[in-house]
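Letters go in sequence order (proteins before strands), and every chain restarts at 1.
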Amino acid sequence: IFHVFYAEEKLVGNLASMSTHERIKAIQKMPETMKKKREIRNKVLKEITKKSGRHSTQRGCCTQCLRRTEVSFRRFRNSLSEYVHLLRLWHKTLKIIGGEFGTSVLSYFIFLKWLLNFNIFSFLINFSFITIPQFVAAEPNNLSFTGLELLTGAGYFQQTVLYYGFYTNATIGKMENGTSYNMQLAYIFTVGIYFVICFLILLFSMAKSFCRNFINPQTYSGNASKLLCTWDFNITNEKAVKLKQKNLSTQIKEDLTEVNKEVLNFSITERVVRILIHLGSWVASLGTAVAACAGVYFLSINNLELFMEGRKNDLEREAAMLVLPIVASLLNVLIPFFYSWLGNLEKFQNPRNKIYVTIARNIILKISIIGILCYYWLNIVSASESQCWETLIGQDIYRLVLVDFIFCLLGSFFGEFLRRIIGTTVYVSLGVPEFDIGRNVLDLIYAQTLTWIGILFSPLLPGIQMISFSIVFYVKKVSLMKNCQPPRKVWRAAQMTTFFMFLLFFPSLAGVLSVIAVTVWRLKPSKECGPFRGLSSMYAAVSEWIKILENYIGSKWVVWIYNNLITSELFFFILSVLLLITTYLYWQIIEGRKTMVKLLRKQIVN
Amino acid sequence: NKQTIFTPEQLDAYQDCTFFTRKEILRLFYRYRDLAPQLVPLDYTDKPDVTLPYELIGSMPELKDNPFRQRIAEVFSEDGDGNMTLDDFLDMFSVLSEMAPRDLKAYYAFKIYDFNNDDYICKSDLEKTVNKLTRNELTPEEVSLVCEKVIYEADLDNDGKLSLEDFQHMIIRAPDFLSTFHIRI
């Protein structure tokens, strides 16, 4: 009893010497009952007041001020987090979905909600800094409104705040006090700072997710962890629980019988045949991706010629504009079915490999389609003779986003509703469909990439995407509850979520940043519309502003930072070298730790 | 801000000892009270000694279909029989919330799967776990085979049963654990 008492005294002493934040974290993490934790907390608080009472004469008023601000800051942060918690949208819906279908399907809906919050944030930034000032200096709109504009984005919408072309390049001046709002700078700085914030948010989310879920990347999922760690406590529906128990027992029975079949030696000819089949299907899938890209490219060139001909039959012309997005969405929907058929043909040894290979092929397809579209926009549309090429790109993206949204709803209808009806009445052996998480998440990432590319050309696009994501959430939820069954195999939700977050960051955001960078630095803005009309490049607005600032004495430091840090190559070179050195050091530290872990593990076993 | 159920000191103590904010603690208190409004007073400032029997806790919608609900209630209750005070109730949902760290969850998961409370998960504990997980659909030979496999894979110090360290080592290799050992309330 005495050494328990002594240990507790040491614990109280340790806790008393930590900062408030760390102390609260340490108490929360203790594996004790609430009563014990409260006792320890009270003892620690008494200890702290005793200590501060002893030292109060030695402490100046400075540290007391600091302590008071620390306490009030903590209280402010607590109340802020409570209000953020109030905004939890759809908490009950997510609970019901998790209760019936488990954590893996829930991860798709949580990802969708996260993207929706992201789009709300983008919309608020763009709307407040770019669109609201534009309303003040708006020119009257002379075009007529027919209903077709909602679908094609052209016509009446061309002269609204929806597109880049409408924004003025003037300095919107206020009346008497002389404060003015420079639209050029506002546009470029808002978009720039928004992308920097996006980059940072994604980087931190990805790092946090990686840290939580990939602590030991050399995992082999033995059956032990499958048994004791994957019971999903989220499932609260009686039928779902029974189903999960049945699935688990089936899996265990399968595992037990497979133990004997593990060592399967293939003969040389069989191995060669398998490699040839794999090679053949990869060639087929890459071939279809290339063919899809070529089709999209030629269709878009055709589209541009059609637009430039300027035929006066507007309705026909605008209906013809819809062909490109419909074809692109059709390719995006149909080719993945071809890929999963190929996957079934290939007979993988490990069923998980089939999922990974199919997802990889889908990613390649989507990246190539977006890539070819960006190439077409940046090289061909921007060099065309049209009056306002940025608005053209904006309209293209608007149509793509809209048609993609319609196809998503249709996909839900055909893929899940009709499939359930077929599976229960005509071909009863097919059964009720499962919710295809991979395909749906890739669709979300595709839509978000399009939105990001479109922000520069159509600042209100996040608002449209916001509405579309909300509708998709409800439609998918209803379709899930009515038409689907819970997943049969374990879908490693945590690792897949990290992987999808990584996909959002690396090909998606990085690609978008390069496209925006090329647009801002290399392309010549159109002469007659938009906030950058007449300049040699969009970036020229910033360099001209710096030149103006040089004449003011008070802002010499801004000019100095610009000349010596942002535009100087030497600075970036030094920064890169420092980064490489730090990365190399951390890599060596990780290698050292890995060796130590191996040594310690050997010690435990022996 | 004007609630009369707890004193400000009590709320501060709850906030420091669990992962919940003040509003969530009050919401959980109302959930606790809804189980038995006639037993739970609306005034906790004088620290009343109220315990709800296991039958009421086990009938909550979040727990009523969970095969491990009895073990969960036993692990978190003060008397070890599943009858919970408000402190135990808050403790339970705090550990099962999404903000609890991996080690804390692993500690309590270990206690839940340790049916005979001897600080080790031995073969009989594992057999009971497997039967609860599969609703007694496997034959006794299959259950025994599975348990032997689990012990073979996870037992690092070769004493024939799983200690807390073996269990924690196994949890590290299962990244889904954090999201599945979670009850949303």
Side-chain angles (χ1 to χ4, degrees), chain A residues 24 27-31 33-35 37-38 41-42 78 81-82 85-86 91 94-95 98-99 102-103 107 212-216 219-238 240-242 245-246 248-249 252-253 255-256 490 492-495 601 604-605, chain B residues 13-19 21-24 61-68 78 87-88 90-91 94 96 100-104 107-109 113 129-130 133-135 137-138 142 145-146 149-151 153-154 156-158 165 167 170-184:
Chain A
I24 294 182
I27 295 185
Q28 281 174 338
K29 274 201 282 197
M30 284 195 327
T33 59
M34 181 80 76
K35 224 197 230 178
K37 282 199 268 201
R38 230 204 316 250
R41 174 184 177 266
N42 290 337
N78 274 344
S81 72
E82 281 190 25
H85 274 252
L86 267 184
H91 176 85
L94 289 177
K95 192 167 155 184
T103 315
S107 65
R212 255 164 77 115
N213 300 327
F214 268 95
I215 288 187
N216 185 6
T219 53
Y220 92 98
S221 74
N223 296 321
S225 39
K226 205 187 285 187
L227 205 55
L228 285 185
C229 310
T230 56
W231 177 258
D232 200 343
F233 282 69
N234 265 315
I235 301 185
T236 52
N237 180 327
E238 189 187 343
V241 165
K242 286 204 187 122
Q245 284 170 322
K246 196 146 113 37
L248 205 55
S249 63
I252 292 182
K253 287 200 186 164
D255 277 340
L256 282 179
V490 174
R492 280 161 145 220
Q495 285 179 329
R601 187 177 300 175
I604 296 181
V605 175
Chain B
Y14 279 133
Q15 231 181 341
D16 282 348
C17 296
T18 65
F19 294 99
T21 62
R22 296 160 57 101
K23 290 223 162 67
E24 286 172 340
E62 285 86 357
L63 287 177
K64 74 170 166 44
D65 289 310
N66 195 319
F68 293 104
E78 213 179 302
D87 279 355
D88 302 331
L90 285 173
D91 213 8
S94 168
L96 287 167
R102 184 190 302 264
D103 288 334
L104 189 63
Y107 176 82
Y108 279 102
Y113 293 133
T129 308
V130 173
L133 282 175
T134 59
R135 211 181 193 86
E137 271 198 26
L138 298 178
E142 286 172 335
L145 253 178
V146 168
K149 262 189 79 169
V150 169
I151 294 191
E153 281 173 13
L156 285 180
D157 47 10
N158 277 328
E165 288 76 28
F167 189 75
M170 191 171 67
I171 293 285
I172 289 184
R173 298 193 293 177
D176 278 327
F177 176 70
L178 266 180
S179 45
T180 53
F181 194 71
H182 164 228
I183 293 186
R184 205 178 267 262

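- Ring planes of A/Phe233 and B/Phe68: parallel class, angle under 30° (limits at 30 and 60°).
- For B/Asp91, the parts lying under 4.5 angstrom from a heavy atom of chain A are both the backbone and the side chain.
- Both the backbone and the side chain of B/Ala13 come within less than 4.5 Å of a heavy atom of chain A.
- Interatomic distance, B/Asp103 CG to A/Met30 CE, rounded to the nearest 0.5 Å: 14.5 Å.
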#### Entry: Step-by-step side chain to side chain contact (heavy atoms under 4.5 Å, CB included) determination, B/Glu137 to A/Gln245
CA-CA 9 Å; B/Glu137 271 198 26; A/Gln245 284 170 322; over 6 Å; no
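- Closest non-hydrogen pair, B/Leu104 versus A/Pro31, comes out as CD1-CA, 3.7 Å.
- When heavy atoms are compared at a cutoff of 4.5 Å, B/Pro61 approaches chain A solely by way of its backbone atoms N, CA, C and O.
- Nearest approach of B/Arg184 to A/Lys95, heavy atoms of both residues: O-CE, 3.4 Å.
- When heavy atoms are compared at a cutoff of 4.5 Å, B/Phe19 approaches chain A by way of both its backbone and its side chain.
- Environment of NZ in A/Lys29: sparse, with no more than 12 heavy atoms of neighbouring residues, nucleotides or ligands closer than 6.0 Å.
- For chain A, no part of B/Glu165 is nearby; none of its heavy atoms comes within less than 4.5 Å.
- In this structure, chain B has a heavy atom under 4.5 Å from the backbone of A/Asn237, while its side chain stays farther away.
- Across all their heavy atoms, A/Ile27 and B/Asp16 have their closest contact at CG2-O, 4.1 Å.
- Atoms CE and OG1, from A/Met34 and B/Thr18 in turn, are 5.5 Å apart once rounded to the nearest 0.5 Å.
- Taking each heavy atom of A/Asn234 and B/Ser179 in turn, the nearest pair found is ND2-O, 3.4 Å.
- Within the 4.5 angstrom heavy-atom criterion, atoms from both the backbone and the side chain of A/Arg38 approach chain B.
- Most heavy-atom pairs under 4.5 Å with chain B, from the set A/Lys246, A/Glu238, A/Arg41: that is A/Arg41.
- The structure places CG of A/Asp232 at 10.0 Å from CD1 of B/Ile183, a figure rounded to the nearest 0.5 Å.
- Partners of B/Tyr107 by ring pair (Phe, Tyr, Trp, His ring centres under 6.0 Å), not counting sequence neighbours: none found.
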